[in-house]
Amino acid sequence: MKPDVRARILDLAATYPTPKAALLTALETVQQAEGGHLSTDSLSEVAALLGVPLGTVYATASYYTMLNLKPVGKYHLQLDTNIPAMLAGAEDLLAHMEQALGIGVGETTSDGLFTLSAVEDLGACGTCPVLQVNDRYYENMTPACFDELLANLKQGVVPEWKTEGNWGTECNMLLARRGKPNSTALAGYVADGGYQALEKALTLSPAEVTQMVKDSGLRGRGGAGFPAGVKWGFLPKDSTKPVYLVCNADEGEPGTFKDRQIMEFDPHLVIEGMAISGYAIGAKLGYIYIRGEFAWIADILERAIAEAREAGKLGNNMLGRGVEFDIRVTRGAGAYVCGEETALIESLEGKRGNPRLRPPYPAVSGLFGCPTIVNNVETLSSVPFIVREGAEAFRQIGTANNAGPKIFGVSGHVKNPGAYEFPLGVPLAKVLEAAGGVVGNLKAVIVGGLSTPILTAEECRDLTLDYDTCAKYGTGLGSGGIMVMNDTVQIPAIALRTIQFYAHESCGQCTPCRQGSVAIEQMLHRVVEGKGTPEDLDNVLHLCKTIKGNTLCPTGDAFSMPIEAMVGKFRGEFEALLPKAGADLAV
Amino acid sequence: MSDCLILDGEAVTFQPGQTVLEVARQNGIKIPALCYHRKTGPAGRCRVCVVEVEGQAGLPTSCNLMAKDGMVVHTCTERVLEVRRSVVNLMLANGEHNCISCEQNGRCELQDAAYQLGIEIPAFTITGPKAEIDDSSEMVVLDRRKCIQCGRCIAACNNVVVNEVLGMGQRGFESKIVCDLDRPMADSTCVQCGECVQICPVGALIEKKAVGKGRSWEMDTVDTTCPYCGVGCQMTLHVDTDANRIVRVTGREVEPNDGMLCVKGRFGYEFPSSPNRLTQPLIRKNGELEPVSWEEALDFTAERIAKIVKEHGPDVFSAFGSGRITNENNYAIAKFTRAVIKTNNVDHCART
Ligand SMILES: Cc1cc2nc3c(=O)[nH]c(=O)nc-3n(C[C@H](O)[C@H](O)[C@H](O)COP(=O)(O)O)c2cc1C
Ligand code: SF4
Ligand code: SF4
Ligand code: SF4
Ligand code: SF4
Ligand code: FES
Ligand code: FES
């Protein structure tokens with residue numbers, strides 16, 4: 001390891017309460033410095049530098065998909081093959097790529113230039129197919145685009161191709177500044193009235209700000225819809241430990257690409273939201289945990305934070321009012337489960353992203369054993385409006401008990417997949433219309449990200465999109481990732497792809513998720529291949545029933561509920577794939 | 001004053017801070033709990049210890065469920081059993097659990113759970129890449145085919161004995177126990193203390209030397225004190241009485257060692273039946289060691305010591321006590337050296 005890399009790791013280690021917490025970031029740093037993979041020697045050196053046992057270093061390094069323990073080609077081509085990508089033709093593109101490169105998935109070309117991987121959701125469902133080359137995204141890929149890209153890469157040129165995704169807003173809040181030139185700069189944000197809410201918040205007491213957020217009815221946008229102000233109220237009143245605020249920017253649930261719209265185009269909105277929230281809960285430090293694949297967005301955030309700090313909007317004397325709050329950005333390294341708040345905290349501490357056993361809950365004992373509030377990007381970005389315009393103004397948007405705007409990410413079979421901001425309670429039909437309407441005949445919709453149960457076209461005809469109505473319909477609003485499927489789609493194939501995702505992402509801690517996801521995957525695989533039995537379907541349903549509610553973290557629910565719905569509602573399609581009784585199985 | 005809860009219809013008392021699993025065990029109710037161990041704490045990983053609590057949706061895991069006054073707990077309703085069966089089924093579905101020839105047979109917590117739940121063969125199988133067996137080390141076999149990923153060994157190696165060797169590599173279904181950076185155990189920093197072997201609920205970590213030497217129920221057990229050093233670890237010898245042979249040693253979970261042993265205590269047990277062991281005094285006569293009576297041996301020793309001390313003074317004499325004898329014997333050695341020989345040249349192996 002080069003001396004400057006060692007020095008950087010030691011500097012980094014000094015910024016944490018314990019050097020061990022620098023492990024994940026240190027591994028990312030070393031990998032980048034050493035040409036894309038982590039050798040045994042580097043792992044040993046990092047272990048010695050940070051005082052982490054070798055077994056623990058390996059446990060962490062082997063957990064994250066972006067950390068490579070084996071050498072990879074100069075260009076690591078990673079094609080997203082999850083469901084929204086599938087609906088956008090990623091399977092054909094993958095076949096084309098294999099042919100063009102002359103290698104299969106998981107292989108490297110003999111000249112060492114290209115490694116091809118099929119990966120899970122990259123958070124670009126509205127601009128799928130998406131190809132990640134090292135740390136750059138190429139969205140809306142087609143075979144022709146790929147050929148052009150490949151020609152460039154072979155010349156050693158890594159082109160800068162920006163794709164503008166579709167978007168629209170009825171609320172002008174979260175996406176208000178999306179279309180503005182240079183929307184990430186502080187000056188523009190301030191000119192549009194930015195940081196006024198922070199000014200106002202600092203004239204109020206923290207309790208008053210918390211009360212405002214409570215009164216606004218703001219519900220968490222990470223998936224569960226838990227009231228943000230109520231969560232903040234769970235912080236112990238008598239603790240002498242530091243309090244941390246964590247912004248969850250892991251955005252890995254297939255179908256979800258909303259948080260990046262805010263972070264990439266209006267980073268100061270997130271920062272202001274965090275500063276206000278940090279003040280309200282008494283935190284001096286906030287972390288943004290962003291999925292590692294969003295490297296360029298992490299850069300945007302870091303630049304914006306530096307600019308805000310420079311202008312006194314952050315730091316140990318915010319706006320000259322003697323209040324301390326600062327923000328650090330930590331990058332994940334490829335693990336969907338790290339979006340779960342306790343896994344996220346483990347990852348922030350430099351470890352494997354294994355969810356923690358609860359209780360205690362993070363509000364009582366979270367990051368480094370201290371009281372911690374984890375909120376989603378979109379949740380925190382809603383806070384400036386609430387403080388500036390008042391709780392009542394926020395409640396005016398949306399419906400009773402479901403206040404405020406929400407970004408819906410629409411992917412799949414619509415004319416203009418993209419991110420659309422509407423008040424909660426908007427009819428699904430209206431969102432689909434904004435997205436240009438359904439292409440073909442609507443068959444089914446998943447409205448809240450892949451973990452929410454599927455609805456048939458019939459079921460969702462009159463659906464309005466808010467937490468309570470979705471629950472009434474037997475599904476969930478989740479992250480608001482809407483995946484639209486027309487009648488060319490085979491639900492068994494969707495179910496198989498769903499469970500493949502969860503089996504790939506399971507952290508493996510608990511039996512029902514680790515074993516159950518793979519058992520279901522193998523059963524559904526047989527069914528889709530035409531080799532299944534009726535018992536396979538019964539076993540799948542029985543596993544879903546017994547896994548639901550019996551896992552260490554909600555990931556078990558996140559696959560058992562949607563799989564149960566797919567098999568339950570479209571059983572005929574699954575049964576049609578079973579070999580006919582008496583047919584010759586040997587053929 | 002202790003609190004009270006209703007356990008399977010019976011009112012039972014408990015101390016605040018106890019978990020439902022602890023309360024159940026205390027009252028003779030068997031709840032299979034494959035990842036929990038008192039020494040490593042609740043992990044919530046196996047999910048077989050579920051119970052039903054009135055007024056609570058879902059089935060909480062009893063290993064980390066705090067007992068509360070007035071709680072009404074059911075440990076074996078059909079709902080509970082269905083979930084437990086499903087979980088144990090999943091554990092058996094991909095492993096290679098051939099109890100017939102498994103070293104853990106008869107003392108396996110997974111086998112007990114399957115038995116209790118009436119699972120004969122798993123309802124389905126999960127196919128996967130063959131899990132590797134690591135039999136590189138001298139004393140321990142890690143048979144990953146039988147591992148149920150409970151995590152006890154990792155917690156024990158890192159937090160109980162603090163040798164910090166084991167980790168969980170990879171993730172999901174591919175997770176596997178690794179030593180250091182995924183090295184064979186023999187090439188790792190493992191000190192072969194065997195704590196992981198003792199705490200493993202199944203036959204995934206076993207004592208290499210005990211393989212094929214007899215089944216657990218054929219052994220007689222003898223509780224004793226480790227003879228090696230002055231710590232005085234408590235241990236149980238598992239003895240094949242017919243063959244007059246110690247087959248395995250386990251640490252007793254009492255003071256001072258709470259089940260832990262070192263490599264010598266746990267694995268250095270051949271000496272009692274070693275043919276090299278001295279069974280009577282020997283004196284070298286004409287260059288050859290010859291068996292003699294105790295009287296002759298003692299007389300000879302006393303005479304030689306007296307003569308040497310008289311000729312060269314007491315400081316040519318030195319005594320070295322041993323951790324493998326009792327305190328009383330060591331005391332006698334010190335007294336003898338100081339009071340009889342009149343030198344301070346006395347030392348002990350455990351002092352260094
Ligand atoms: C498997 C899993 C993945 C999750 N991923 C995310 C995520 O990517 N982003 C997010 O904000 N919340 C995610 N969550 C929810 C978080 O655990 C947590 O509830 C949320 O960040 C809280 O923020 P909120 O109250 O503002 O919604 C996930 C939960 C689970 C179980
Ligand atoms: S349900 Fe269990 S195995 Fe699955 S991600 Fe959560 S903790 Fe890990
Ligand atoms: S580990 Fe237990 S269940 Fe598995 S084969 Fe051995 S005795 Fe049987
Ligand atoms: S024998 Fe001891 S040191 Fe070796 S892996 Fe097991 S617990 Fe760790
Ligand atoms: S080897 Fe044994 S103790 Fe370790 S995880 Fe596997 S089953 Fe548990
Ligand atoms: S013993 Fe409770 S979950 Fe394993
Ligand atoms: S002192 Fe206990 S094993 Fe040696």
Side-chain angles (χ1 to χ4, degrees), chain A residues 38 40-41 43-44 47 52-65 69 335 337 352-359 502-523 535-536 538-540 542-543 545-553 556, chain B residues 34-35 41-48 50 57-61 63-64 66 82-95 123-128 148-151 154 157-158 162-183 188-189:
Chain A
L38 292 161
T40 307
D41 287 347
L43 291 176
S44 305
V52 183
L54 293 168
T56 308
V57 169
Y58 187 83
T60 301
S62 61
Y63 181 87
Y64 294 95
T65 56
L69 298 178
V337 166
R352 280 167 81 80
N354 282 358
R356 289 179 181 172
L357 189 58
R358 277 155 288 208
Y502 286 99
H504 181 261
E505 297 300 329
S506 165
C507 84
Q509 270 193 111
C510 66
T511 318
C513 174
R514 179 188 66 247
Q515 305 282 102
S517 60
V518 172
I520 294 174
E521 178 185 348
Q522 295 187 354
M523 290 164 188
E535 291 78 60
D536 282 331
D538 292 342
N539 282 335
V540 166
H542 185 256
L543 280 171
K545 180 180 167 211
T546 51
I547 290 169
K548 219 178 349 174
N550 187 32
T551 46
L552 199 162
C553 87
Chain B
L34 301 182
C35 64
R45 297 175 66 111
C46 74
R47 317 302 296 179
V48 268
V50 289
L59 303 176
T61 43
C63 63
N64 70 324
M66 285 301 158
E82 183 182 21
V83 167
R84 283 193 199 149
R85 262 186 228 116
S86 174
V87 172
V88 172
N89 240 315
L90 281 169
M91 287 176 177
L92 295 171
N94 75 308
F124 47 79
T125 55
I126 308 175
T127 54
I148 55 165
Q149 316 254 354
C150 70
I154 299 175
C157 184
N158 286 280
V162 203
N163 287 325
E164 301 184 325
V165 179
L166 298 178
M168 187 66 83
Q170 275 63 41
R171 72 182 189 203
F173 191 65
E174 287 167 16
S175 305
K176 60 168 191 179
I177 303 293
V178 296
C179 300
D180 292 347
L181 300 173
D182 197 13
R183 304 291 302 153
S188 77
T189 53

Report yes if some heavy atom in the side chain of A/Leu54 is under 4.5 Å from a heavy atom in the side chain of B/Arg183; otherwise report no.
-> no
So which part of B/Ala57 gets closer than 4.5 Å to some heavy atom of chain A, the side chain, the backbone, both or neither?
-> neither
For B/Cys46 and B/Val87, the nearest pair of non-hydrogen atoms, with its separation, is O-CG1, 3.1 Å
With chain A, the option among B/Gly151, B/Ser86, B/Cys157, B/Ser188 that has the most non-hydrogen atom pairs under 4.5 Å is B/Ser86
Give a yes or no on this: more than 12 heavy atoms of other residues, nucleotides or ligands lie within 6.0 Å of atom CD of B/Glu164.
-> yes
Sort A/Glu521 into side chain, backbone, both or neither according to what part of it lies under 4.5 angstrom from a heavy atom of chain B.
-> neither
Top contributor to chain B contacts, counting heavy-atom pairs under 4.5 Å, from A/His542, A/Lys545, A/Gln515 = A/Gln515
Structural part of B/Pro60 lying under 4.5 Å from a heavy atom of chain A = neither
Minimal non-hydrogen separation, B/Gly44 against B/Arg47, with atom names | O-NH1, 2.8 Å
B/Leu34 and B/Cys150: which non-hydrogen atoms are nearest, and at how many Å?
-> O-CB, 3.6 Å
Okay, A/Lys548 and chain B: the region with an atom under 4.5 Å from a heavy atom over there is neither
Pick whichever of B/Leu181, B/Thr125, B/Val165 has the most heavy-atom pairs under 4.5 Å with chain A.
-> B/Leu181
Please report the closest heavy-atom contact between A/Leu69 and A/Leu43, naming both atoms and the distance.
-> CD2-CD1, 4.0 Å
Of all of B/Arg45, B/Met66, B/Glu174, which one pairs up most often with chain A through heavy atoms under 4.5 Å apart?
-> B/Arg45
Test side chain to side chain contact (heavy atoms under 4.5 Å, CB included), reference A/Thr551, set A/Pro512, A/Ser506, A/Ser517, output is A/Pro512
Top residue by heavy-atom pair count (under 4.5 Å) with chain A, among B/Gln149, B/Met91, B/Arg85?
-> B/Gln149
Taking the side chain as every heavy atom from C-beta outward, state whether B/Leu166 and A/Tyr58 have any atom pair closer than 4.5 Å.
-> no
Heavy-atom contact with chain A under 4.5 Å, split by part of B/Val178 | side chain
In terms of heavy-atom proximity below 4.5 Å to chain A, should B/Asn89 be classed as side chain, backbone, both, or neither?
-> neither
Which portion of A/Arg358 sits near chain B, non-hydrogen atoms under 4.5 angstrom | backbone
Using non-hydrogen atoms and a 4.5 Å limit, figure out which bit of A/Ala61 sits close to chain B: side chain, backbone, both or neither.
-> neither
Under a 4.5 Å heavy-atom cut-off, does chain B meet the side chain of A/Ser44, its backbone, both or neither?
-> both
Do you know which two heavy atoms are closest between A/Tyr63 and B/Arg171, and how far apart they sit?
-> O-NH1, 3.0 Å
Contacting moiety of A/Asn550, where chain B heavy atoms sit under 4.5 Å = both
What's the verdict on side-chain hydrogen bond (donor to acceptor under 3.5 Å, both in side chains) for B/Thr127 and A/Gln522, showing C-alpha distance, side-chain angles and the deciding distance?
-> CA-CA 8 Å; B/Thr127 54; A/Gln522 295 187 354; 3.3 Å; yes
Do the side chains of A/Pro355 and A/Gln509 get nearer than 4.5 Å, heavy atoms only?
-> yes
Using non-hydrogen atoms only, which part of B/Cys179 is less than 4.5 Å away from chain A: side chain, backbone, both, or neither?
-> neither
Between chain A and each of B/Gly169, B/Ala123, B/Gly167, count heavy-atom pairs under 4.5 Å; write down the option with the most.
-> B/Gly169
Does the side chain of B/Phe173 reach to within under 4.5 Å of the side chain of B/Ile126, using non-hydrogen atoms?
-> yes
Relative to chain B, which segment of A/Leu357 carries a heavy atom at a distance below 4.5 Å: side chain, backbone, both, or neither?
-> side chain
Under 4.5 Å to a heavy atom of chain A? For B/Ile148 that would be backbone
